[in-house]
Enquirer: 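After the structure tokens below, expect a handful of questions from me.
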There are 2 protein chains.
Amino acid sequence: MRIEDLLEIRHLHLFRDMAQANFEVLMISSYAQAFPQGLELIRQGDPADFLHIVLEGSVELFAQWSGRECTMAVVRPVSTFILAANIRDAPYLMSARTLERTRIVLVPASDLRAMFRRDTEFAVAVINELASSYRSVVRNAKSLKLRNSRERIASYLLRQSQLAGGVASYVLPVEKRLLASYLGMTAENLSRTLRTLEADGVKIDGARVIITHRARLVALAKPDRLIDGPDAVAEQNGSGLPVARG
Amino acid sequence: MRIEDLLEIRHLHLFRDMAQANFEVLMISSYAQAFPQGLELIRQGDPADFLHIVLEGSVELFAQWSGRECTMAVVRPVSTFILAANIRDAPYLMSARTLERTRIVLVPASDLRAMFRRDTEFAVAVINELASSYRSVVRNAKSLKLRNSRERIASYLLRQSQLAGGVASYVLPVEKRLLASYLGMTAENLSRTLRTLEADGVKIDGARVIITHRARLVALAKPDRLIDGPDAVAEQNGSGLPVARG
DNA sequence: GGCCGTTATTGATCTTGATCAAGTTACTCT
DNA sequence: AGAGTAACTTGATCAAGATCAATAACGGCC
């Protein structure tokens, strides 16, 4: 593995505080690998052998049931995914596929499980990471159960604006098809609703979002810090869609 | 606190493996308290000062937004809830109210956070608890996004039957109103759908469920271990509704 | 037992969102 | 550049589920 990769991984909350020697032990049995676009990295139900760290590219986490499929999250560099399955030594609950050419580091799950018994700082980091992930999914479930699709779209658009620094205009970080699935609706419905949202203070031009009347959009979205954050770690791990850039 | 309460708490996965001395440290600053029915124990957004352990009774976890409300889980003895908020030292994402007279032990969150730095076995237990809770919520989100309400009801009924030991007849462990909210639908819709499910192998008589043609119900529910479990810890913590008794 | 408030059911209607079916635009690949 | 594919949009229709309204059943409580 490259030196610069090791440094990036070392900067993750998960690995930041552990002893250098222990970090090296973990990394010695890990390896980086590049995957082409559209490759299924993980199939739900498979045993969780490796913690995955995305170095470059992006990965979609999705779930399947009875011939249906939905997007659960998109993971961007540099962050880890499916930590919980590794820890429980249980089958993956989600599948994963690359959205583009992606470079990933694979850390053997057995080494992880051994390590947090030996390194307290690492154990604490794992605890914090899991607690954050848990809270992210709870937020997500709240949004799904308490909001209708119009409100989910509005709050998503608003949150992306905040994450990009409060800008009024930005580009959607993912395809609309995928966004629709993430928000729990069909692509057609997203498209239609985006159009009707022009009356509520946001204009869509292709992948570009322009907030024309923030107050009106806020009145519709009713953003709530207990659903929409801010939550420092939520956007870094695999529990949300990636951040938009202005 | 009573000796028998301490013993029950000690048997929880979370506290089972830690050193006795450390357990006592945690318990010395904790206290048990009884609450009447219908009391709001926690309001979402409040700072997470205490880990809650239910000794007797039952507690509903619910979420509110914009005047709407939905049930997220029901916690039964003996188990803990809102561990993640305590760990993150962050506001509660969910509210909690007693469904009946309930006895609860409150453990100061600051003591918890100090303790998993000192006791590795406790840290490992916290890691396992959080990983399980995370997976439970993911299962829940999958069910909400991939299944329609008819399928959610069918799989819920089937799962309860399994949890009660594979019995063909059992009593619903919660009010239908609450079940409807947990499953993400209105009470009217649950009522109506339950009726139409008679054609699919399950009969409802008040709170009693009688599975008349299991194969037919299975064909509709398409139970999936990656959504419906089994998952040893899921039912013990605050991530699911309680288990039915036959 | 009978009263009262809550929960459950049932029916009628309405809204939201899904589905089906074209079209159009955008992107990729050679 | 142009063909081919995939993504997006738009319209028409349909189905699922919500809402509103009224009644029925249940569960505590004196």
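What's counted below: heavy atoms across the whole structure, side chains too, no hydrogens, waters or symmetry copies. Naming: A, B, ... by sequence-line order, numbering from 1 per chain.
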Enquirer: Just the rounded figure in Å: distance from C1' of D:dT9 to CG of A:Leu194.
Expert: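 Result: 11 Å.
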
Enquirer: Does a side-chain N or O of B:Arg150 approach OP1 or OP2 of D:dA16 to a distance below 4.0 Å, or not?
Expert: no

Enquirer: Considering only C:dA18, D:dT9, D:dA7, which nucleotide approaches the side chain of A:Glu188 most closely?
Expert: D:dT9

Enquirer: Could you state the interatomic distance from CG (A:Asn140) to NZ (B:Lys145), rounded to the nearest 0.5 Å?
Expert: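 Reported value, rounded in 0.5 Å steps: 6.5 Å.
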
Enquirer: From B:Asp46 CG over to A:Leu226 CG, what is the distance, rounded to the nearest 0.5 angstrom?
Expert: 9.5 Å

Enquirer: Rounded to whole angstroms, how far apart are CE on B:Met185 and P on C:dT15?
Expert: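 Distance check: B:Met185 CE to C:dT15 P gives 22 Å.
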
Enquirer: If I take atom CG in residue B:Leu178 and atom C1' in nucleotide C:dA8, what distance separates them, rounded to the nearest angstrom?
Expert: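 Rounded to whole Å, this separation is 14 Å.
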
Enquirer: Under 4.0 Å between a side-chain N/O of B:Arg177 and OP1 or OP2 of C:dT6, yes or no?
Expert: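 No.
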
Enquirer: Starting at atom CD of A:Glu198, determine the distance to atom P of D:dT9, rounded to an integer number of angstrom.
Expert: 11 Å

Enquirer: Tell me: CD of A:Gln37 to C1' of C:dC27, nearest whole Å?
Expert: 12 Å

Enquirer: Can you check whether B:Val167's main-chain N or O pairs, donor with acceptor, with B:Ser161's side chain at less than 3.5 Å?
Expert: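 Here the side-chain-to-backbone pair exists.
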
Enquirer: Between atom CZ in A:Arg147 and atom P in D:dG17, what is the gap in whole Å?
Expert: 22 Å

Enquirer: May I ask you to say what A:Ser149 touches in the nucleic acid, namely base, sugar-phosphate or nothing, with a heavy-atom cut-off under 4.0 Å?
Expert: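 Sugar-phosphate only.
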
Enquirer: Taking only N and O in the side chain of B:Thr186, is any of them less than 4.0 Å away from OP1 or OP2 of D:dA18?
Expert: yes

Enquirer: Ignoring the backbone of B:Lys176, work out which of C:dA8, D:dC8, D:dT19 is nearest its side chain.
Expert: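 Shortest atom-to-atom distance from the side chain points to C:dA8.
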
Enquirer: Round to a whole Å and report the spacing from CG of B:Asn148 to C1' of C:dT16.
Expert: 15 Å

Enquirer: Over 60° means perpendicular and under 30° means parallel, so tell me whether B:His52 and B:Phe81 are parallel, tilted or perpendicular.
Expert: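 Ring orientation of B:His52 relative to B:Phe81: tilted.
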
Enquirer: A:Leu157 and side chain to side chain contact (heavy atoms under 4.5 Å, CB included): which partner among A:Leu179, A:Leu220, A:Leu197?
Expert: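 Of A:Leu179, A:Leu220, A:Leu197, side chain to side chain contact (heavy atoms under 4.5 Å, CB included) with A:Leu157 is met by A:Leu197 alone.
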
Enquirer: Got a donor-acceptor pair under 3.5 Å from the side chain of B:Arg192 to the base of D:dT19?
Expert: yes

Enquirer: Could you state the atom-to-atom distance from CG of A:Asp205 to P of D:dC8 in whole Å?
Expert: 14 Å

